[in-house]
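Just below is one structure, and these are the notes that go with it.
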There are 2 protein chains.
Amino acid sequence: MSAGLAHAELIAVLAAVTGDEPRVMTIRSGDALPSGPFELAHRSLQAGLREWVSDQTGHPVGYLEQLYTFADRDRTQDESDSRTISISYLGLVREQAAPGAGKPGWHGWYEYFPWEDHRRGEPEALRAIADHLQRWAEREASRRDHRRRRIEFAFGLNGAAWNEDLTLQRYELMFEAGLVFESGGEEFVGTGRPMFADHRRILATGIARLRAKIKYRPVVFELMPESFTLLQLQRTVEALAGLTLHKPNFRRLIDSHDLIEETGDVTSETGGRPAKLFRYRHAVLEERAFSGSKLPISRN
Amino acid sequence: MSAGLAHAELIAVLAAVTGDEPRVMTIRSGDALPSGPFELAHRSLQAGLREWVSDQTGHPVGYLEQLYTFADRDRTQDESDSRTISISYLGLVREQAAPGAGKPGWHGWYEYFPWEDHRRGEPEALRAIADHLQRWAEREASRRDHRRRRIEFAFGLNGAAWNEDLTLQRYELMFEAGLVFESGGEEFVGTGRPMFADHRRILATGIARLRAKIKYRPVVFELMPESFTLLQLQRTVEALAGLTLHKPNFRRLIDSHDLIEETGDVTSETGGRPAKLFRYRHAVLEERAFSGSKLPISRN
DNA sequence: CTCCTTTATACTCGAAATGAGTATATGACG
DNA sequence: CGTCATATACTCATTTCGAGTATAAAGGAG
């Protein structure tokens, strides 16, 4: 059971939502994700990272899960022979105050992925990106069909529907096609702000995971204040998913799952009829399985 | 961006299904999961592991995904100061022949988790396990309620339904309560065969992931032969989930998703009326998004 | 050859969930 | 006081789901 030596670091994708904007914690004025040496993980990776993040940001991390471990040799341009293993985590933070101009820099994540925000209709850059990709697909006869299908699927072209979960697949296609700065191509109109090394790919992984997760686990509440209105909750989900939702049905969904309860107060800060305030019922985490079985179980 | 040095290894959870039994590839006559040094990952972790596994087992790996990276200091009894990072993978293999007595040892995974197989009703050990856990919960007044709820939820007691996805949570509870050999307790009746270090926990992680995954991605087909009957397919899913399924509804589910097509042949090896043979439609992977949106999207 | 057993495959039907839209309530403001 | 804006409550057709029943096509026993 031999084990090779390698350098190890931790990388965090910390997400918060301010107003209607999903944000990610960055360093170097938005050029990189926060990372730290592996040593900080005292007893467990989770515990170490938790501590480190709350030191760095002043916010406790509500939810933390491992994202992915990256270790490919060609991850970084740097050709040194030392292998680096990066263990990445996704954390959710209740961002309290407006972000100061200071150290922990929160940046709207659609700054890095402008084509991912469909709340105000199809982003304008999308058309051009799709065109570029399709030209790229034609360039190699042998893989043409396969590439075409991947593009149609990932970007919801030709009758396929846009699927917000495919953030990583879309980024990877654009990377392969040389459409993002990190892959050394040249066409960068509307293809978003680049990041150090493969940090943008890691961010894409985090966004994809979070978008998938909010559908079957009540993690949004880790991003909400103690009490909130239903519309605030909806706007937060919309911000994460990059989609607009159907209001009546969203409400029905939420309360059919017994996720929240009224606090008794109302707020009239929203304009119009005052909205009831709700709080998350923490008990649900233990009560309910959110992984609706889906398999046609037989009871006998 | 400092990065500490650590030992790194890869660990594989390779699953196959023979007949109605789900199996896992082991070494040391079933005492450990196969693992190898990190170096084998030449260009990418995936590619390296693929190559290594097919060398070791003679079977190509159909599907491979990263499972989890373990790096806690207290993972192993060994008190040396060197940190080891274990990157684990889940792989699906079409096991061709009956497993020889030779090197790659395939072991039925319910040998390690007898309480996880509910196909023939509730396993007998479950009652005793639940009792032990409940006594353990009572032992500490402060955490009693929390523990009780975790137990009820994970094991489907008190009105909660059994959820096959919670394999890892169940193992972890049993570990905490000292019910498994690896945690140094004493009561081991019906608590399954132990494994080296934390390999059984890793296996539990793999089983849980696979059980969750078969519900929303067509990965079962990676375990099936080229052509198969609907009942064979159902039996395979049942083996993985440890549950029996409702036959008519299972069929409806499968063909409502257009996952398979008839080969044109039939087999009468099943006894009774001959069954049509089907094959997997590989195209679906690209066509369809299996992550049914679940969010009430508004189209405007 | 006929009936019985066994497995395969095809329907049925009510209940629940979902997509889409409409109607009413309640504040603020001019 | 009416109008604007938002909140909240219903409605209704359609689809999906859980559960069960009915028919088809083999092999084997007698």
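Computed over heavy atoms, backbone and side chain alike; hydrogens, waters and symmetry mates excluded. Below, chains carry the letters A, B, ... as their sequence lines are ordered, and counting in each starts from 1.
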Can you check nucleotides 6-8 of chain C for protein contacts, nitrogen or oxygen pairs under 3.5 Å, and list what you find?
unit_1, atom_1, unit_2, atom_2, d
dT7(C), O4', G271(B), O, 3.3
dT7(C), O2, R273(B), N, 3.2
dA8(C), OP2, K247(B), NZ, 2.9
dA8(C), N3, R273(B), NH1, 3.4

Interatomic distance where CZ belongs to F250(A) and C1' belongs to dG19(C) [whole Å]: 16 Å

Residue list, side-chain contact (heavy atoms from CB on, under 4.5 Å) with D255(B), at least two apart or on another chain: none

Non-neighbouring partners of E65(A) that pass salt bridge (Lys or Arg N to Asp or Glu O under 4.0 Å), sequence neighbours left out: R209(A), K213(A)

With W115(A) via ring-ring contact (aromatic ring centres under 6.0 Å, His included) - residues at least two apart: F113(A)

Given dC17(D), dG21(C), dT9(C), the nucleotide with the shortest approach to the side chain of L230(B): dT9(C)

T263(B): side-chain contact (heavy atoms from CB on, under 4.5 Å) partners, not counting sequence neighbours: S227(B), D265(B), L277(B), R279(B)

Selection from dG18(D), dC10(D), dG19(C) that lies nearest to any side-chain heavy atom of P248(A): dC10(D)

Partner residues of R235(B) under the side-chain contact (heavy atoms from CB on, under 4.5 Å) criterion, sequence neighbours left out: D20(B), L231(B), E238(B)

Scan the side chains in residues 120-129 of chain A for donor-acceptor partners under 3.5 Å anywhere in the protein, sequence neighbours excluded, and list what turns up.
unit_1, atom_1, unit_2, atom_2, d
R120(A), NH2, D117(A), OD2, 3.1

Residues forming a side-chain contact (heavy atoms from CB on, under 4.5 Å) with E152(A), sequence neighbours excluded: L157(A), N158(A)

Atom-pair distance (CZ on R252(B); P on dT16(D)), nearest Å: 10 Å

Sidechain N-carboxylate O distance under 4.0 Å for E116(B), R170(B): yes

Nearest-Å distance for atom pair CD/P, residues E262(B) and dA10(C): 8 Å

Position toward the 5' end of DNA chain C (nearest nucleotide), N249(B) or I297(B): N249(B)

Write out a two-atom table: protein N or O, nucleotide N or O from nucleotides 14-16 of chain C, distance below 3.5 Å.
none

Length of the line joining E269(A):CD and dA5(D):C1', which is rounded to integer Å: 16 Å

R235(A) CZ to dA7(D) C1', straight-line distance once rounded to whole Å: 12 Å

Ion pair check, K215(B) and E164(B), cut-off under 4.0 Å: yes

Interatomic distance where CG belongs to L295(B) and C1' belongs to dA17(C) [whole Å]: 15 Å

Between dA20(C) (C1') and L245(A) (CG): distance, integer Å: 14 Å

Interatomic distance where CD1 belongs to I254(B) and C1' belongs to dC17(D) [whole Å]: 15 Å

